[in-house]
Amino acid sequence: MEITAKYNPVEVEDRLYAYWMENGFFNSDPDEREPYTIVIPPPNVTGILHMGHMLNNTIQDVLVRRARMLGKNACWVPGTDHASIATEAKVVAKLREQGISKDQLTRNEFLKHAWEWKEKHGGIILEQLKKLGASCDWRRTQFTMDEKLSEAVIDTFIYLYNKGLIYRGIRMVNWDTVSKTAVSDEEVIHKDVNSKLYYISYPIVGENASLTIATTRPETIMADAAICINPNDERYYSMKNKKVLIPLINKEIPVILDEYVSMDFGTGCLKVTPAHDVNDYALGIKYNLPVIDIIDNDGRLNEKAQILTGEDRFDARKKIVEMLDDAGLLVKTEDYKSSIGFSERTDTVIEPKLSMQWFLKMEEISKPALNYVLSGEIKLIPDKFKNTYKYWMEHVRDWCISRQLWWGQRIPAWYLPDGSFVVAKTADEAFTLAKKKYADIKISELRQDEDVVDTWFSSWLWPISVFDPSACGHPEIKGNADLNYYYPTNDLVTAPEILFFWVARMIIAGHEFRGKAPFSNVYLTGIVRDKSGRKMSKSLGNSPDPLKLIEQYGADGVRTGMLLCSSAGNDILYDNSQVEQGRNFCNKIWNAFRLVKSWNIEQIPQPDYATKAIAWFNSQFNRTLKEIYDNFDKYRISEALMDAYKLFWDDFCAYYLEIIKPAYGSPIDKSTYTETLKFFENLLKILHPFMPFITEEIWLILNNAQKEHKSIMLTHQPKLCDFDEKTVSVFEQVKDIIVNIRTLRQNKNISPKQSLELFVKGNFDLSFASILMKLANLSKVEITEMDIKNMSSFLTGTNEYYIPLGSRINISEELEKLTKELEYARGFLSAVNKKLTNEQFIKSAPSNIVESEYKKRLDAESKIKILEDNISRLQANNI
RNA sequence: GGGCGCAUAGCUCAGCUGGUUCAGAGCACCUGCCUUACAAGCAGGGGGUCCUUGGUUCGAAUCCAUGUGCGCCCACCA
């Protein structure tokens, strides 16, 4: 059988994924085993895979695959999010391309287009995840706008409304005057803009004096409802109970007092414009001021402004400044820098606009959610996010849950002709409720709210709704078998930027509807950035196409590359070289497999070096295994992978295989071969969660004959075994000797093919001599007390090693090397002595530290003696 | 403006409750090798005032304070 020298992932990956799917290896149903559950953070249904998804889902897959191999019933639930804002924007854009504007369509017509779009593009991202190797139970795929899940959202709304937690209120929305819609905060880009601060004087009624205010928006003065000053401001004590005139329109408005006004900004006088500023609105409520909205949806002044009607707000600003100046009411103009919001879509300045919205009261329901995290019942990884979480939850504001969109779950509120409303699941139910108010009302007189709920209002239910949507909004229901088995889930893997939008709210919903936190651990990944630290984004064009990467480097290579450089919570700076490293590692594994596969097995005695190597690697393996398990426990996934990487590459390939490898053409003894296969298989099992394809491929070939398990993922992770620390440390010394000899060869230009002799003085364990002889190409290893001429020497620990070099010896070079070492050893000794002569140190330091210093001194002294001896011997030789 | 966090090799980061894991890892770099598993490789090697300045201590990369430079979250002052 011919095996290629280079691993070819493309063919292997598609074949194996199909094999896994056919056999349903990813499927999970409740049984007697301990469950392990992850729900996927649902990507946008019409989105495509980006590097952030790759990282995030690789981590989830590692966790799930590992849990599966620890004998748990692992269930990874996939699905997609309807992402109302993003998806609706895409549909609107696509319609615009076809020359259709959203206003021309009815709600139902628009939704028809939206569903078509969803059918066409929906779920592509899930297919892409399969390329990555994601081991989701695909039978369980969910969509946040599926009928059942939408019903869950409506039930939840009604439940919270009936509990008195949902109310209507005024809020500033970000109004885009070009597309004439409200946009979300995320779609507003803040830019620092040089603007002006205008000082305008308002004549005081009945006096020949005026008050000067400072504003950046002079075009809104016609909407002013009051002038506000700080009651502690001495300059304006006399202004109490007075009135002023709005310039140009000469409208009388009161002067009010409130500590909200800061005395050191501008003149200390604030114009209060409730219709166009949210803080002013709050003041307006407090002092019962009228709301005069003078700006229309298209950004033009309306007739309520009395002047400049029909002008765009920015033209109006220029004109009104001139008019004020002409009237002698513009006191001065200052340059002023402020941050202004622009619409991401139309790049126009966002107009803050008051509107009626639905809110969820957060104060009470977020308290338990804070406690879950503070008490450690839910762990954030890394825990540095705990502080941020705490701060946010303690300063939480009510959640505006309505969105002025069509794509989503429509708010289940029906308005009566008198402006009041009822909340109900269906129009019929709403009609029943309405009849209680007005017996003669007709169903046709009811009008359902036009808005939909925020997307997060469906995704906060996700860990519950994917199992049993009917349990959402119904804490009294026990829930189905799936929910009771899989919920609460175990780990959530997501990005820190949605810790509040999503994670916190899931915790709230979990507690509210199930009385339990939805998960135990939240693993927060970083942002994937490019080499120069910029966030990867479509608009910058700095993101590689993940599917092309997979094609080029293999899914295992890409997974490994990304994981190696991503500790929790830290951003990852992506660079192709990392993925190359992953691919190279695949190739390394592949070639180790080729080597093992190429051997002829015979019943011959086991060489001593093989016996020793097996004993060592067994210890080394179990030692590393423990580290890997520890790292997994702490969710240090990249560290665990690096441990496995070095175990395979350095320990297994560079040492173990090199030692036991028979000479070309020679057979290998059966028991060494068997042990080696066992090691190899255990290594594959450890690597499988990280690199599912190549490990499965090799495992299947190696297990050709044995059909006990149809897949490596059905086997178990190796069990932790005791290991012999001594063996490991002795071997470290062996490695040290090998490296010293190899360095000597390099420096002296001695070919690796030419064998050398090694003489040892000191307490040397000869049992590893056979390994030394093989890896350092030595013809003999001997303990001696004799002095040998013309030799190079080195030290490991307190042992002295000598290699006869014959005529190749260069005495002055050797002398120089030894002198340097001697100097260093003397310096080291004097530092140790300094400590040991310090009475305070002896008194205060713990005894084991002091003892170790004494030992250091002894070692250093004997080392110095050896070095001095060797130097004098060389010098004698030299004569 | 309020809050949180970070600074260690050229890059990305480990470094637990101060002391032999104490200055580390991977990548990158340099040198020598096409040695019958692998040049996507093998062998060897050189890199750091642990951001500044103070303090605590017998002892500080590690604890405290100040400064500097970054990053994130929240709220946005007319």
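The figures here come from the full heavy-atom set of this structure, side chains too, leaving out hydrogens, waters and symmetry mates. From a predicted model like this one, the values you see are computed outputs, not experimental measurements.
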Participant: Among B:C4, B:C74, B:A78, which nucleotide has an atom closest to any side-chain atom of A:Thr388?
Facilitator: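 Given the options B:C4, B:C74, B:A78, the side chain of A:Thr388 is closest to B:C4.
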
Participant: What class does the angle between the rings of A:Phe593 and A:Trp590 fall in, given that below 30° is parallel, 30 to 60° is tilted and above 60° is perpendicular?
Facilitator: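 A:Phe593 vs A:Trp590 ring planes: tilted.
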
Participant: Syn or anti: how is B:G47 classified when any glycosidic angle within 90° of 0 counts as syn?
Facilitator: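 Here the answer is syn: the torsion falls within 90° of 0.
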
Participant: Which nucleotide in the list B:A78, B:C58, B:C27 gets nearest to the side chain of A:Tyr645?
Facilitator: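 Minimum distance to the A:Tyr645 side chain belongs to B:C27.
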
Participant: Side chain of A:Asn591: nearest nucleotide among B:C77, B:C38, B:C27?
Facilitator: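 Looking only at side-chain atoms, A:Asn591 lies closest to B:C38.
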
Participant: If you measure only the distance, is there a donor-acceptor pair under 3.5 Å linking the side chains of A:Asp650 and A:Tyr645?
Facilitator: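 No, no side-chain donor-acceptor pair sits under 3.5 Å.
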
Participant: So, A:Arg235 side chain and A:Met263 main chain: donor-acceptor pair closer than 3.5 Å or not?
Facilitator: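 Checking the backbone N and O of A:Met263 against the side chain of A:Arg235, a donor-acceptor pair under 3.5 Å is found.
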
Participant: Could you check which of B:G5, B:C58, B:A78 has an atom nearest any side-chain atom of A:Asn838?
Facilitator: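 Nucleotide nearest to A:Asn838's side chain: B:C58.
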
Participant: Can we say A:Lys863 and A:Glu861 salt-bridge, meaning some charged N sits less than 4.0 Å from an Asp/Glu carboxylate O?
Facilitator: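 Judged by the 4.0 Å cut-off on N to carboxylate O distance, A:Lys863 and A:Glu861 do not form a salt bridge.
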
Participant: For A:Phe585 and A:Phe648, take the angle between the two ring planes, folded into 0 to 90°, and tell me which bin it lands in: parallel under 30, tilted 30 to 60, perpendicular over 60.
Facilitator: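 If you compare the ring of A:Phe585 with that of A:Phe648, the planes turn out perpendicular.
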
Participant: Looking only at atom P, what distance separates B:G48 and B:C6, rounded to whole Å?
Facilitator: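 Each nucleotide's P atom is 26 Å from the other's.
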
Participant: Does A:Lys626 make a cation-pi contact with A:Phe723 (under 6.0 Å, within 45 degrees of the axis)?
Facilitator: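 Geometry flag: not set, cation outside 6.0 Å or 45°.
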
Participant: Rounded to the nearest Å, what distance is computed from the CD1 atom of residue A:Ile660 to the P atom of nucleotide B:A37?
Facilitator: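 Between P of B:A37 and CD1 of A:Ile660: 12 Å.
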
Participant: Taking for each residue the nucleotide of RNA chain B bearing the nearest heavy atom, is the 5' side occupied by A:Ala214 or by A:Phe500?
Facilitator: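 The residue mapped nearer the 5' terminus is A:Phe500.
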
Participant: What nucleic acid atoms does A:Glu639 come within less than 4.0 Å of, heavy atoms only: base, sugar-phosphate, or nothing?
Facilitator: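 Counting heavy atoms under 4.0 Å across all strands, the contact made by A:Glu639 is with sugar-phosphate only.
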
Participant: Which whole-number value in Å describes the distance from A:Asn584 CG to B:A28 P?
Facilitator: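 The distance from CG of A:Asn584 to P of B:A28 comes to 9 Å, rounded to the nearest Å.
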
Participant: Can you figure out which of B:C38, B:G41, B:C77 approaches the side chain of A:Asn279 most closely?
Facilitator: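 Nearest nucleotide to the side chain: B:C77.
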
Participant: B:C4, B:C38, B:A37: which one has an atom nearest the side-chain heavy atoms of A:Lys661?
Facilitator: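 Nearest to the side chain of A:Lys661 among the choices is B:A37.
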
Participant: Quick one: which of B:C58, B:A37, B:A39 gets closest to the side chain of A:Cys653?
Facilitator: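 So the nucleotide nearest the side chain must be B:A37.
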
Participant: A:Lys753 NZ to B:C34 P: how many Å, rounded?
Facilitator: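 For the pair A:Lys753 NZ and B:C34 P, the rounded distance is 8 Å.
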
Participant: Base, sugar-phosphate, or nothing: which does A:Asn749 touch, judged by heavy atoms less than 4.0 Å apart?
Facilitator: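 No contact at all - A:Asn749 keeps every heavy atom at 4.0 Å or more from the nucleic acid.
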
Participant: Provide the distance between the two P atoms, one in B:G2 and one in B:U66, to the nearest whole Å.
Facilitator: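 So the two P atoms sit 15 Å from each other.
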
Participant: Specify the glycosidic conformation (syn or anti) of B:U20, with syn defined as within 90° of 0.
Facilitator: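 Syn, angle within 90° of zero.
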
Participant: Which parts of residues 738-746 of chain A get close to RNA chain B, meaning a heavy atom less than 4.0 angstrom away?
Facilitator: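 Contacting residues: A:Val739, A:Arg742, A:Thr743, A:Gln746.
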
Participant: Between B:C4 and B:C64, how many Å separate the two P atoms, rounded to a whole number?
Facilitator: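 So the two P atoms sit 14 Å from each other.
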
Participant: Of the listed nucleotides (B:C58, B:A14, B:C4), which one gets closest to any side-chain atom of A:Arg636?
Facilitator: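 Nearest to the side chain of A:Arg636 among the choices is B:A14.
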
Participant: Inspect the contact between A:Glu853 and A:Lys835 and indicate whether a charged nitrogen and a carboxylate oxygen are less than 4.0 angstrom apart.
Facilitator: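 A salt bridge is present here (some side-chain N lies under 4.0 Å from a carboxylate O).
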
Participant: Name all residues meeting the side-chain hydrogen bond (donor to acceptor under 3.5 Å, both in side chains) criterion together with A:Tyr574; count only those two or more places apart in sequence or in a different chain, and write none if there are none.
Facilitator: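 Applying side-chain hydrogen bond (donor to acceptor under 3.5 Å, both in side chains) to A:Tyr574 gives A:Asn576.
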
Participant: Using the C1' atom in both, what is the distance from B:U17 to B:G1, to the nearest Å?
Facilitator: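 37 Å, rounded to whole Å.
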
Participant: Side-chain donor or acceptor of A:Lys843 under 3.5 Å from a matching atom on the base of B:C58?
Facilitator: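 Check fails, no donor-acceptor contact within cut-off.
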
Participant: Within a radius of less than 6.0 Å around CG of A:Asn749, do more than 12 heavy atoms belonging to other residues, nucleotides or ligands occur?
Facilitator: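 Incorrect, the count does not exceed 12.
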
Participant: Rounded to whole angstroms, how far apart are CD1 on A:Ile750 and C1' on B:G44?
Facilitator: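 A:Ile750 atom CD1 is separated from B:G44 atom C1' by 14 Å.
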
Participant: If the P atom of B:A25 is compared with that of B:G69, how far apart are they to the nearest Å?
Facilitator: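 One P to the other, the span is 34 Å.
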
Participant: Please state how far atom CE in A:Met642 lies from atom C1' in B:A25, giving the value in whole angstrom units.
Facilitator: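 Distance check: A:Met642 CE to B:A25 C1' gives 7 Å.
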
Participant: Side-chain donor-acceptor pair under 3.5 Å between A:Asp643 and A:Thr624, yes or no?
Facilitator: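 Per modelled atom types, A:Asp643 and A:Thr624 side chains form no pair under 3.5 Å.
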
Participant: Could you classify B:U21 for me, syn or anti, using a glycosidic angle within 90° of 0 as syn?
Facilitator: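 Syn, which is what one calls it when the glycosidic angle falls within 90° of 0.
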
Participant: Tell me: CG of A:Leu641 to P of B:U12, nearest whole Å?
Facilitator: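 In whole Å, B:U12 P and A:Leu641 CG are 20 Å from each other.
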
Participant: With pairs defined as Watson-Crick or G-U wobble and both distances under 3.5 angstrom, please note down RNA chain B as a dot-bracket string, | for pairing with another strand.
Facilitator: (((((((..((((.....[....)))).(((((.......))))).....(.(((..]....))).))))))))....

Participant: So, A:Arg559 side chain and A:Met691 main chain: donor-acceptor pair closer than 3.5 Å or not?
Facilitator: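 Not confirmed, A:Arg559 side chain does not pair with A:Met691 backbone.
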
Participant: Find the distance A:Asn848:CG to B:G18:P and express it as a whole number of Å.
Facilitator: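 So the CG-P distance, A:Asn848 to B:G18, works out to 14 Å.
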
Participant: Quantified in whole Å, what is the P atom distance between nucleotide B:U68 and nucleotide B:U53?
Facilitator: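 So the two P atoms sit 15 Å from each other.
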
Participant: Do the side-chain N and O atoms of A:Asn230 and A:Glu259 include a donor-acceptor pair separated by under 3.5 angstrom?
Facilitator: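 No - no donor-acceptor pair under 3.5 Å links their side chains.
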
Participant: Kindly point out which of B:A78, B:G26, B:A14 is positioned nearest to the side chain of A:Gln581?
Facilitator: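 Taking heavy atoms from C-beta onward, the closest nucleotide is B:G26.
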
Participant: Rounding to an integer number of angstrom, what distance separates B:G47 and B:A23 when you compare their P atoms?
Facilitator: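 The answer is 15 Å between these two P atoms.
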
Participant: B:G32 P sits how many Å from A:Gln754 CD, rounded?
Facilitator: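 Atom-to-atom, A:Gln754 to B:G32, this comes out as 20 Å.
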
Participant: Once hydrogens and angles are ignored, does a donor-acceptor distance under 3.5 Å link the base of B:A37 to the side chain of A:Glu658?
Facilitator: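 Donor-acceptor pair under 3.5 Å: yes.
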
Participant: Of the nucleotides B:C58, B:C42, B:A78, which one has an atom closest to the side chain of A:Lys588?
Facilitator: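 The nucleotide sitting nearest to the side chain is B:C42.
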
Participant: Please tell me which of A:Tyr260 and A:Lys6 maps to the more 5' nucleotide of RNA chain B, matching each residue to the nucleotide holding its nearest heavy atom.
Facilitator: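 With A:Tyr260 and A:Lys6 compared, the 5'-side residue is A:Lys6.
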
Participant: Between B:G71 and B:C27, how far is it from one P atom to the other, in whole Å?
Facilitator: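 That atom pair is separated by 29 Å.
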
